[in-house]
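One structure is given below, encoded as structure tokens.
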Amino acid sequence: MNDMSPVTTAKDWASDQEVRWCPGCGDYAVLKAVQRTMPDLGVAREKTVFVSGIGCSSRFPYYMATYGFHTIHGRAPAFATGIKLANPELDVWIITGDGDALSIGGNHTMHVLRRNLDCQILLFNNEIYGLTKGQYSPTSRVGTRSPSTPFGSVDRPVTPCMFALGSGARFIARGIDVHKNLPEVLKAAHAHRGASFVEIYQNCVVYNDDVFASFTERSVAADNQLWLQPGEKMLFAGGTKGLALDVEHLCLKVVEGDDPAVLVHDPKNRGVAGMLIELPQGFPVALGVIYEDPAPTFESAVREQNAAAASGKTPDLQALVAKGQTWQVEKEPHKL
Amino acid sequence: MNDMSPVTTAKDWASDQEVRWCPGCGDYAVLKAVQRTMPDLGVAREKTVFVSGIGCSSRFPYYMATYGFHTIHGRAPAFATGIKLANPELDVWIITGDGDALSIGGNHTMHVLRRNLDCQILLFNNEIYGLTKGQYSPTSRVGTRSPSTPFGSVDRPVTPCMFALGSGARFIARGIDVHKNLPEVLKAAHAHRGASFVEIYQNCVVYNDDVFASFTERSVAADNQLWLQPGEKMLFAGGTKGLALDVEHLCLKVVEGDDPAVLVHDPKNRGVAGMLIELPQGFPVALGVIYEDPAPTFESAVREQNAAAASGKTPDLQALVAKGQTWQVEKEPHKL
Amino acid sequence: MATATHQLTEKEATAHPPAEAIVVRFAGDSGDGMQLTGGQFTLSTALAGNDLATFPDFPAEIRAPQGTTFGVSAFQINFGSTAIETAGDQPDVLVAMNPAALKTNVEALREGGLIIADEGEFSARNLAKAGYEQNPLEDGSLAKWQLVHFNISQLTLDAVKPYGLGNKEALRCKNMWTLGLALWMFDRERAPIVDWLKTKFAKAPELAEANIAALNAGHAYGETVEISGVHRHHVAAAPAEPGLYRTVTGAEALALGLVAGCQLAGLKMFFGGYPITPASALLHHLSRLKEFGITTFQAEDEIAAICSAIGASYAGSLGITSSSGPGIALKTEAMGLAVMTELPLVIVNSQRGGPSTGLPTKTEQSDLYQAVYGRNADSPIPVIATRSPADAFDCAIEACRIATHYMTPVILLTDGYIANAAEPWRVPDMGRYEPFPVKFFDTVPGEGQGVMPYARGDGLARPWIKPGTPGLEHRIGGIEKQPGTGNIDYSPGAHQEMTDTRAAKVLGVANSIPDQEICLGREGAKLAVVGWGSTFGPIHQAVRRAIAKGQDVAHIHIRHIWPMPKNMAVLLKDFENIIVPEMNMGQLKTLLRDQFLVDAQPLTKVSGHPFRIAEIEAAIDARLA
Amino acid sequence: MATATHQLTEKEATAHPPAEAIVVRFAGDSGDGMQLTGGQFTLSTALAGNDLATFPDFPAEIRAPQGTTFGVSAFQINFGSTAIETAGDQPDVLVAMNPAALKTNVEALREGGLIIADEGEFSARNLAKAGYEQNPLEDGSLAKWQLVHFNISQLTLDAVKPYGLGNKEALRCKNMWTLGLALWMFDRERAPIVDWLKTKFAKAPELAEANIAALNAGHAYGETVEISGVHRHHVAAAPAEPGLYRTVTGAEALALGLVAGCQLAGLKMFFGGYPITPASALLHHLSRLKEFGITTFQAEDEIAAICSAIGASYAGSLGITSSSGPGIALKTEAMGLAVMTELPLVIVNSQRGGPSTGLPTKTEQSDLYQAVYGRNADSPIPVIATRSPADAFDCAIEACRIATHYMTPVILLTDGYIANAAEPWRVPDMGRYEPFPVKFFDTVPGEGQGVMPYARGDGLARPWIKPGTPGLEHRIGGIEKQPGTGNIDYSPGAHQEMTDTRAAKVLGVANSIPDQEICLGREGAKLAVVGWGSTFGPIHQAVRRAIAKGQDVAHIHIRHIWPMPKNMAVLLKDFENIIVPEMNMGQLKTLLRDQFLVDAQPLTKVSGHPFRIAEIEAAIDARLA
Ligand SMILES: Cc1ncc(C[n+]2csc(CCOP(=O)(O)OP(=O)(O)O)c2C)c(N)n1
Ligand SMILES: Cc1ncc(C[n+]2csc(CCOP(=O)(O)OP(=O)(O)O)c2C)c(N)n1
Ligand code: SF4
Ligand code: SF4
Ligand SMILES: [Mg+2]
Ligand SMILES: [Mg+2]
């Protein structure tokens with residue numbers, strides 16, 4: 001992807017289309033973050049494709065001055081797979097929502113992750129169906145009152161990053177729509193070869209306002225956000241607290257920041273990744289790159305196999321149609 | 001479910017339909033195991049429903065002398081959800097294959113697990129599409145040669161039990177078609193209230209024969225099968241070996257059976273469950289009940305909410321249609 | 001002030017009191033609460049005894065940026081002292097809350113019609129957003145209409161000042177000020193609105209007070225200020241069947257009808273749905289009615305929604321599922337299984353503009369092909385279509401009756417217009433509805449005899465056997481079956497017989513439905529205008545006018561799309577000409593030509609908006625010229 | 001021995017050499033390798049210069065239990081010295097490898113026909129499994145046929161003894177013994193089969209040897225033993241166009257045609273599929289042809305398969321997807337997006353019996369409604385249907401041409417019969433095919449001008465702009481658009497114009513297709529038999545016989561189902577009667593009546609088996625009586 005692409009600014013990545021989200025929607029912040037990040041990635045606009053499903057978040061591609069495909073609900077990963085296999089040169093971004101990626105689209109999300117297609121998947125998680133006016137989603141918490149659950153939802157939500165881990169994802173990260181670290185997370189996702197799964201906590205001001213306030217509110221942010229850095233200790237609350245292994249119960253526990261037992265973040269450790277993703281009540285929310293362990297990408301494996309299978313053979317159409325046992329019919333009906 | 005059901009034998013649970021699997025197919029063994037297990041579950045045939053998708057394995061319901069619904073490819077969990085919500089009295093079994101449950105049906109599998117519908121899910125994993133004559137499946141290993149992958153498959157397979165864990169399953173177990181422990185695993189699955197996910201390694205003699213031989217062959221079984229028992233040590237190879245925690249690398253390691261560090265199996269520990277499911281090359285295959293941590297079931301929560309919401313209200317249809325602001329029109333066009 | 005947009009016919013004009021109809025459109029920013037204003041004005045109109053029809057028209061965006069043209073939300077109401085069947089062709093009055101609202105709506109206004117604009121919103125910034133070079137309120141560009149404007153924003157702020165709301169909240173009361181003025185203009189009672197505001201804001205009394213103050217201020221403004229061109233005007237009540245009335249939207253009526261249908265069948269309802277515009281409303285309504293033995297399930301997608309509903313029907317509830325365009329497409333595979341397993345199921349399609357995502361908030365009738373023909377293989381399903389919000393109630397009951405009586409899936413077609421539109425509805429006397437209780441089969445077969453899940457009964461229906469019934473354990477599925485036993489059977493004979501039976505069963509539904517009637521005009525007229533669904537209003541009005549003009553035209557409106565009433569062939573043969581107005585490219589027309597070999601000619605409109613009466617009148621004239 | 005099942009007409013009978021056709025059916029257990037036997041017999045038949053048609057008929061179960069009736073696998077071949085278009089109505093010879101095979105096939109055998117049975121398999125156990133009270137080889141119940149039986153099993157065991165195979169393996173050679181006998185009966189060369197066995201078993205020479213020994217033994221048995229009733233018989237070669245020939249199945253021909261289509265368009269092929277019977281064969285064939293720039297992708301389901309193909313087309317490859325009944329149903333939502341985004345796409349439907357899972361291994365033509373009408377909203381897609389295995393090649397190329405020239409999805413209909421059946425195919429000279437190279441749009445708009453992805457060019461096609469093209473970055477999607485720019489546009493005008501354009505574009509395809517021709521008979525005949533797809537063979541033979549009998553009948557076979565050739569209306573109007581034989585309940589008939597208002601009468605058959613010539617002859621007689 002690192003071709004000689006011209007120097008650009010965020011503005012160059014903004015399309016001429018009027019942005020149509022509700023005033024105050026977290027999507028605006030993510031859009032800005034992405035537009036601010038693109039110039040640093042050394043990719044060309046014409047080689048960049050944003051593919052989305054359906055939802056408020058999925059309107060995203062219209063606002064990028066790149067190629068964009070606003071497809072159908074839940075299927076963006078399948079379109080992205082066809083695009084990338086047809087032209088691996090393209091830098092493919094999948095934009096999706098919690099309903100798009102995890103309600104109707106869960107299966108495609110799983111398969112694009114296990115196949116490890118080289119792409120970036122930005123899941124805008126607002127724990128609600130925005131575009132259809134506020135029904136609860138598979139990530140909504142139990143008890144969520146919505147037009148379709150006037151007495152509160154009863155089904156237990158899925159944890160997006162845990163689902164990604166279970167699906168075989170090789171890169172799992174979290175960010176927050178308005179948080180300054182988002183561009184860093186996006187860059188890491190882009191640097192990773194393979195399917196990079198990024199869950200972005202996104203505030204829906206109209207139907208689910210402040211649902212993430214418990215850890216995004218400035219007042220509590222420091223105590224409730226654990227920003228992970230590869231090779232760095234798992235510290236939060238301004239370094240006064242950290243995470244260590246509870247050897248007795250085989251799980252994580254909170255200790256003083258200076259406790260030597262504080263764990264160093266190894267993004268390759270799947271077991272710990274699962275624990276970080278599912279940190280229970282009373283723990284901070286794990287953010288940044290939680291898990292990363294590169295593996296061969298799908299499109300490269302396919303391309304290599306195609307090349308290997310084709311090598312030495314010449315694509316002779318006439319020979320192909322004449323393949324197999326043949327016989328010649330002369331003017332006269334022919335006898336063996 | 002524990003009503004006064006008559007004493008039955010395996011024979012009573014076999015339907016009059018001729019079984020149509022290939023001679024030697026692992027499905028026969030599973031069928032026998034299920035039929036042998038049913039009499040011990042204290043359930044009545046008429047209250048038992050086997051629901052399946054499409055595939056060789058999904059022919060299963062025809063051979064049980066219970067109610068059965070052979071539905072469409074990949075959707076069995078959705079049908080089961082409707083059945084169970086409509087009548088929670090019914091004992092619902094979902095029969096599915098690796099293609100049915102994880103290729104086309106992955107999304108429904110995830111949702112039935114996260115909702116925790118009370119049912120037993122038996123996933124016949126033969127790592128191949130049997131019914132359609134042997135194409136590779138999402139659980140086939142890399143390099144699998146099949147009619148659709150003549151040069152070998154390149155995409156990385158999904159691990160069914162890891163997918164279940166990531167999807168929020170509360171009961172995850174593994175069995176082997178011909179292994180004597182299968183009935184025990186089935187009983188545990190049935191005893192668990194909620195969605196019980198059981199992966200059964202099933203041999204497809206025609207298209208994927210002996211694919212599990214590396215741990216099912218009698219000669220290697222003891223060394224390569226780790227049968228987990230709640231509260232018991234994680235021992236295998238006839239007790240000569242066990243699993244312990246590698247505190248340095250935060251993962252599992254193999255130690256001598258008498259090593260005090262050998263872990264005791266706590267089915268509630270999600271972190272360890274993940275490690276057990278993904279034991280790498282050189283480790284045995286974890287079998288039996290790997291993870292179990294009961295939670296409220298979907299249908300019970302729905303029923304309770306419906307009851308609560310209905311309580312105190314009388315279903316008066318006439319009153320319902322006359323709701324809201326109304327006005328009377330007299331014979332004469334009426335004026336306010 | 002002006003009377004109805006349409007030229008009154010002799011007959012209408014000389015009626016006592018002279019029949020009149022007025023069309024008012026409220027237009028403003030998505031945030032201005034125009035739908036609320038419209039809804040409440042509708043209520044007061046109904047309470048005043050007028051007949052009415054409404055057309056809410058809002059953007060696809062949840063809250064498009066303030067002041068933009070694509071963020072404009074409009075609500076049109078047509079009311080009068082005569083029968084009203086459409087929301088009206090052209091507004092007589094346009095209330096424009098900002099420049100964008102004026103820009104996007106004024107062209108529709110009847111020449112000489114009245115514009116009421118909130119000059120307070122005509123700032124340079126808003127004018128620019130709407131694409132106005134200069135202020136239309138001042139540059140005379142609106143000359144062909146009557147224009148009145150005053151600073152509604154400011155007047156509202158003044159009115160609610162006492163309640164100490166923030167500026168933003170205070171301005172939110174604008175719509176009530178506007179409503180107050182409208183109530184004054186048409187001589188309406190404020191009381192019901194005041195009651196409604198009190199209950200709506202029960203938790204925030206100061207908001208209730210502020211809104212009431214705004215309402216009163218608007219009303220007082222009309223009372224006191226001499227607004228040139230705006231006169232108070234009373235529209236007489238419309239003659240109507242005596243009885244208890246309420247207003248109802250199509251979505252409400254549909255929900256009520258499905259509840260009634262299940263009650264009449266003596267069944268619990270299982271509703272499996274997945275949100276999609278405009279179908280979601282049904283899910284929302286039903287999810288509040290648990291006391292009627294209803295379980296609503298928001299599935300992970302439309303496929304799971306219909307599959308869960310089929311599963312519920314299999315288990316003994318009446319399974320119902322609902323969606324729109326793309327979602328219905330996803331259900332077609334499972335519909336095939338419902339056909340194969342012959343289980344009752346109601347599939348509601350709230351049609352919207354397409355193809356693909358298309359125009360989610362715009363109306364269309366373009367899924368008829370899909371409903372009748374849109375499955376693999378020969379898989380017949382009865383199809384019913386609603387013609388109006390109120391009609392949706394009876395159609396829903398009919399769908400439940402057919403589904404349970406014949407053991408078959410049934411497709412019920414409605415559309416975005418019907419779903420959102422409101423009209424007065426004479427509250428039905430439920431005692432008058434014939435129950436059709438379901439009898440589950442539970443007779444255990446005699447010794448040596450097997451269960452016969454595919455035996456044929458009344459109307460070729462198979463027995464409905466609930467799991468849980470002792471002695472009747474059996475297996476069903478999507479593979480072809482042996483007649484009677486239902487055992488897997490791929491033999492030529494079995495497939496032919498089962499295919500014939502499935503077809504005959506569905507065609508047999510025609511034996512239990514009423515003959516097709518002509519709702520206006522005479523048999524064998526020169527021209528029959530044949531319609532279905534929500535085109536009823538404009539067709540009916542157009543034909544009424546044509547007849548009044550002396551033209552030999554009839555209106556036939558088809559509820560039972562498949563199978564059609566038995567007399568249809570005979571009925572249609574008699575007409576010299578047949579035109580079929582549809583909000584699609586000509587779909588019912590295909591059925592009529594195929595089934596009856598009549599030269600039915602399409603009149604198509606695919607713009608996301610209902611037909612205008614004048615459009616159909618023109619087609620009639622052209623045809624008879 | 002017997003000649004063709006059909007009464008020879010004067011003309012045929014007096015031809016030199018007398019035209020004859022023989023129908024042989026091999027039937028045995030799934031494990032007996034009947035499909036292989038049939039395939040190799042087909043090859044030798046082709047090499048002998050006979051014309052031929054085959055009909056493989058195997059069970060849905062992978063390997064149904066041995067000896068059961070539902071486990072019987074059969075292969076029928078009709079070959080002769082005259083043009084052969086069907087696999088034959090009634091076999092003249094039935095080879096029955098076990099009781100079940102006899103039971104399930106003997107009734108089809110022509111009276112007086114020959115039965116060759118392996119008595120070695122007529123054990124009490126096998127007789128019971130087949131439901132025989134007593135041994136039919138002995139109880140005279142087969143009197144109306146010529147019966148010969150000997151212990152093929154034993155004879156085979158003896159023949160292969162030298163190679164020391166296990167009993168099971170040794171018995172596997174039975175089918176070669178049988179083939180050997182058949183080769184002798186019809187005076188065929190063994191050499192090609194021997195070569196084939198050598199290559200097939202290259203890795204296991206002893207197996208090759210054993211099978212060759214069995215083959216020779218069977219041949220020798222015929223040579224030496226005097227089997228009463230069985231005589232050696234040579235069928236003369238059929239007159240055929242000079243040229244190079246090979247046998248081809250529909251699935252093979254389709255794969256080759258798609259490869260050719262992409263090559264002629266100068267595009268890489270992306271094939272996204274999900275296994276399903278009988279469509280899988282296409283995926284299997286294409287996945288071996290990587291050297292032609294083909295990427296095959298086995299997706300997680302049919303939805304992902306079509307979506308990936310659309311994505312690939314968007315990226316500049318030709319996207320192709322393929323499935324059958326239930327799988328096609330799942331693709332309909334995405335088809336709508338392809339219509340909306342106007343991207344090229346080929347959708348192949350290998351039809352099978354339905355509804356739902358139905359009869360996966362049986363053939364049917366019942367997805368025509370779905371292809372033409374089966375989507376939400378007005379979403380027109382061109383539809384083409386193949387009439388025979390060989391015809392699939394040209395149809396595939398035509399589908400690629402239309403898809404790329406008009407920027408539209410195209411549906412290509414074939415069926416299970418065509419997919420599996422084999423026929424001789426004159427190897428095409430690819431030099432004769434006109435290339436239709438695709439030109440991607442890459443002209444950067446001038447200053448101040450925007451990209452126009454929905455501008456209209458030749459045939460109303462929009463430009464195909466590949467991502468990666470500098471300066472042409474743009475966004476597309478499933479929402480309604482502004483003409484030209486393609487920007488989101490919900491306005492009435494935009495929707496009407498785009499809907500009209502989409503319809504006009506697809507109808508315009510008729511401008512680039514040949515006029516409909518009459519393939520037999522005269523214009524304006526008393527009766528036209530109009531067909532489509534795989535009914536070609538039986539219709540053609542039936543009409544040929546009718547004409548020979550002096551009846552005034554014509555055969556019209558439609559390749560372009562939508563839009564139809566421009567001359568169709570005129571052509572059809574001239575016939576007094578029209579019957580439409582279809583393996584469905586009457587679907588093409590609907591199109592003909594709707595489009596041309598002609599009284600087309602259906603002749604339906606839904607049994608999972610192709611029409612028999614006699615069935616169509618009877619319908620013709622009835623119609624002309
Ligand atoms: C097949 C189909 N089903 C349903 C819909 C309606 N729909 C559009 S977006 C959406 C969910 C949106 O939620 P999410 O993915 O979380 O996106 P958000 O709007 O919250 O950003 C639904 C149900 C659709 N467009 N297509
Ligand atoms: C919608 C649909 N797509 C595809 C198929 C074809 N099909 C039937 S079973 C199957 C996969 C079977 O594999 P698996 O689930 O592993 O079951 P197995 O046969 O191996 O037991 C497929 C692709 C179908 N019946 N329906
Ligand atoms: S509804 Fe919510 S998510 Fe959608 S645009 Fe508005 S604020 Fe954003
Ligand atoms: S194909 Fe494989 S899985 Fe299917 S029945 Fe045969 S052996 Fe069993
Ligand atoms: Mg969301
Ligand atoms: Mg399998």
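As a basis for the values below, the full set of heavy atoms in this structure was taken, side chains included, without hydrogen atoms, waters or symmetry mates. Below, chains carry the letters A, B, ... as their sequence lines are ordered, and counting in each starts from 1.
- At a threshold of 4.0 Å, the pair B:D155-A:R115 counts as salt-bridged, since one of the basic side-chain nitrogens sits closer than that to a carboxylate oxygen.
- With a 4.5 Å cut-off on non-hydrogen atoms, A:I104 touches chain B through its backbone but not through its side chain.
- Heavy atoms of A:L245 lying under 4.5 Å from chain B belong exclusively to its side chain.
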Chi angles and distances behind the side-chain contact (heavy atoms from CB on, under 4.5 Å) call for B:V262, B:L235: CA-CA 8 Å; B:V262 171; B:L235 295 172; 3.9 Å; yes
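- No hydrogens or angles considered: nothing links the side chains of B:S146 and B:Y129 as a donor-acceptor pair under 3.5 Å.
- Judged purely by distance below 3.5 Å, without hydrogens or angles, the side chains of A:E127 and A:N208 never pair a donor atom with an acceptor atom.
- Heavy-atom pairs under 4.5 Å with chain A were tallied for B:G152, B:A308, B:C161; the largest tally goes to B:G152.
- Between A:F163 and B:F163, the ring centre distance stays below 6.0 Å.
- Residues B:A169 and B:L113 approach most closely at CB-CD2, 3.9 Å, considering heavy atoms.
- Using a 4.5 Å cut-off between heavy atoms, A:R270 contacts chain B through its side chain alone, with no backbone atom that close.
- The contact between A:H249 and chain B is made entirely by backbone atoms, counting heavy-atom distances below 4.5 Å.
- Interface residue A:E278: only side-chain heavy atoms are found under 4.5 Å from chain B.
- There is no contact between A:P150 and chain B, counting heavy-atom distances below 4.5 Å.
- Put simply, of A:R156, A:Q305, A:M162, the one with the most heavy-atom pairs under 4.5 Å next to chain B is A:R156.
- The candidate from B:V302, B:V158, B:T297 with the greatest count of non-hydrogen atom pairs under 4.5 Å with chain A is B:V158.
- Between A:P157 and A:V142, the shortest heavy-atom distance links the atoms CD-CG2, 4.0 Å.
- Counting heavy-atom pairs closer than 4.5 Å to chain A, the top residue among B:E304, B:R170, B:M275 is B:R170.
- Options A:P296, A:G274, A:A309, A:A273 differ in how many heavy-atom pairs under 4.5 Å they form with chain B, and the most are formed by A:A309.
- Salt-bridge check for A:K268 with A:E292: failed, with every basic side-chain N at 4.0 Å or more from each acidic carboxylate O.
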